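Heads up: the structure comes next, in structure tokens.
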Number of protein chains: 2
Amino acid sequence: MAKDLEMDLEERVNLFRCAMGFQGIPDSELEKIAHEASVGSFETGEAIFFEEDPCKSYCVVAEGLVRVSVGSSSGNRMTYLLAGRGEPLNLVGPFTGLPRLLSAEAVSKAKVVFVKRDAFLSFAFRNPQVMINVISILGKALDSANGRVMDMMEKPVEERLLKVLYTLYRKFGVTLCFTSRELAELAGTTPESVLRAIGRLRGLGIVSTARGRLVIKQSNLLAESCENILWI
Amino acid sequence: MAKDLEMDLEERVNLFRCAMGFQGIPDSELEKIAHEASVGSFETGEAIFFEEDPCKSYCVVAEGLVRVSVGSSSGNRMTYLLAGRGEPLNLVGPFTGLPRLLSAEAVSKAKVVFVKRDAFLSFAFRNPQVMINVISILGKALDSANGRVMDMMEKPVEERLLKVLYTLYRKFGVTLCFTSRELAELAGTTPESVLRAIGRLRGLGIVSTARGRLVIKQSNLLAESCENILWI
DNA sequence: CGCCGCGTTGAGGCAGCTCAATCTACGTGG
DNA sequence: CCACGTAGATTGAGCTGCCTCAACGCGGCG
């Protein structure tokens, strides 16, 4: 990570203003916390934190895209969150200080804003609405995770992939820059199975593909096959 | 549900004192919230709340056992939580008021204590430590749910069942009163597959079974095969 | 230019789901 | 007290989705 000195106070306040979980907090408080924040720059593929790291800071993405994932002992990974501007990387850690089974890495060149744990905690105690917001976000994440377990049980790979594609479409638009491995880590399957399913979708004219890129041609067909979307 | 008038204030305070998420709250505050609480009695199998119900109250189990589960459109169910005395049924709902995809029913004769949402909310704002505790619990639940997704991906049924049995053993002791269907809803599989796996474990002398009951004979063998337990 | 990672497709194998038959424990009502 | 119905336990047989391994082409990057 490189220290980034370019982002001034004004920009940091702007970031916090639109940050997920900071709705309803007065500007004066946002300025206080922006004062305490520092900024880091990360290259594509660079790690932001590892599993088992004790949590020392609250982190929000300011620029770029960051993948937060759960790893297993056998080397498998599952993508838990794709965080863009304004999205926090770790909502629980700052409150407990304990490590989680999560790791984060930059998917593209990214800037991340850090607030030290004790500064964040006293900010949260001054503004309890933040904690309500965090609880509400965790609730959605929990529902999404439970939904994924259900889907693993009863939905075939192709349906899970459709849900992933629809979710990504809602977040990023029609052009999705992900490899089959990345999609597999989102859908809970293998890259080969993803490729086969995408092959069928391509045959039906629903998507078109190029190396490392996928374009949604008929988003309405995706929407029909998904009752609910993921929280990614 | 039958109104239960037997539980006096003193008992309710005792319940809150040992309730999960209420650590570190002064007795004076516990008494205030105990004042606002009401109690309901439920028969085995009776529903406590349904999916899609908007959340109107915070609920803690006082007696018996309550199953909280996620349902799917195709009729499948997954058990999310088995709540005993002192365990809350819905941590997010009281804060958001929104329905979740969860339903709760009594597994055995049960008593549940309810605190109306606005009373609980003002209690939480007076005692922010409660919100910290809730966030910490949600973090564990989220890690457990993510772990379950990973397990569905890479662990065979038998290993998932071992983890379920070990978790239940840690919570309830060596004698477990669950049917194969209930175990299947915990392990994310079918009753038949559970029975086949249990048959193997019985052959190895690890468990013994009777109708609706299972006894752990060699808990040490269970422990060895599980690196982490579930949050149920 | 050579290497590496990705995309693509084929073949093979197996875990576990589904369906089905049977047996047993238990509760209920006559 | 017994007949009966229901729900769980048990086991077998069959099928299939998808994971695994493998081969090959291609594009990008050092």
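Every value quoted in this text rests on a predicted model; they were computed, and no experiment measured them. So that the names make sense, note that chain A is the first sequence line, chain B the second, and so on, each numbered from 1.
The stretch residues 182-197 of chain A comes close to DNA chain C through Glu192(A), Leu195(A), Arg196(A), each having a heavy atom under 4.0 Å from the strand. For the segment residues 71-80 of chain B, the set of residues with a heavy atom within less than 4.0 Å of an atom of DNA chain D is empty. Taken residue by residue, residues 154-163 of chain A places no heavy atom nearer than 4.0 Å to DNA chain C.
Under the side-chain contact (heavy atoms from CB on, under 4.5 Å) criterion, Leu81(B) pairs with Val68(B), Ala83(B), sequence neighbours left out. Remark: Lys217(A) engages no residue in a salt bridge (charged side-chain N to carboxylate O under 4.0 Å, His left out) (not counting sequence neighbours). For the ring pair (Phe, Tyr, Trp, His ring centres under 6.0 Å) test, residues two or more places apart in sequence or in another chain that qualify with Phe22(A) are Phe16(A), Tyr58(A), Phe123(A). Under the ring pair (Phe, Tyr, Trp, His ring centres under 6.0 Å) criterion, Phe95(A) pairs with Phe120(A), not counting sequence neighbours.
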Donor-acceptor pairs are to be reported for all side-chain atoms of residues 49-57 of chain A against protein atoms at under 3.5 Å, with residues two or more places apart or in another chain.
unit_1, atom_1, unit_2, atom_2, d
Glu51(A), OE2, Gly71(A), N, 3.3
Asp53(A), OD2, Phe50(A), N, 3.0

Solution key, residues 141-152 of chain A side-chain donor-acceptor pairs under 3.5 Å, sequence neighbours excluded:
unit_1, atom_1, unit_2, atom_2, d
Asp143(A), OD1, Arg100(B), NE, 2.8
Asp143(A), OD1, Arg100(B), NH2, 2.9
Asp143(A), OD2, Arg100(B), NE, 3.0
Ser144(A), OG, Trp231(A), N, 3.0
Asn146(A), ND2, Leu142(A), O, 3.4
Arg148(A), NH1, Thr79(A), O, 3.1
Arg148(A), NH2, Thr79(A), O, 3.1
Arg148(A), NH2, Leu186(A), O, 3.0
Asp151(A), OD1, Lys155(A), NZ, 3.2
Asp151(A), OD2, Lys163(A), NZ, 2.8

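Taking a heavy-atom distance under 4.0 Å as the criterion, the stretch of DNA chain C touched by chain A extends 5' to 3' from dG5(C) to dA11(C).
At a cut-off of 3.5 angstrom, counting only N and O atoms as typed in the model, there is no donor on one side facing an acceptor on the other between the side-chain of Arg181(B) and the base of dA9(D).
Arg213(A) comes within 4.0 angstrom of no nucleic acid atom, judged by non-hydrogen atoms across all strands. Counting any heavy atom pair closer than 4.0 Å across all strands shown, Gly212(A) reaches sugar-phosphate atoms only and no base atom.
At least one donor-acceptor pair under 3.5 Å links the side chain of Arg160(A) to the backbone N or O of Gly188(A).
Residue pairs meeting the side-chain hydrogen bond (donor to acceptor under 3.5 Å, both in side chains) criterion with at least one member in residues 184-203 of chain B, sequence neighbours excluded: Arg77(B)-Glu185(B), Glu158(B)-Arg200(B), Thr190(B)-Ser193(B), Arg202(B)-Thr209(B). Among residues at least two apart or in separate chains, there is no salt bridge (Lys or Arg N to Asp or Glu O under 4.0 Å) pair with a member in residues 218-232 of chain B.
In summary, of the residues considered (Leu168(B), Val66(B), Val61(B)), a side chain to side chain contact (heavy atoms under 4.5 Å, CB included) with Leu82(B) occurs for Leu168(B) alone.
In this structure, Cys59(B) and Pro88(B) have side chains that are not in contact, with every pair of non-hydrogen atoms separated by 4.5 Å or more.
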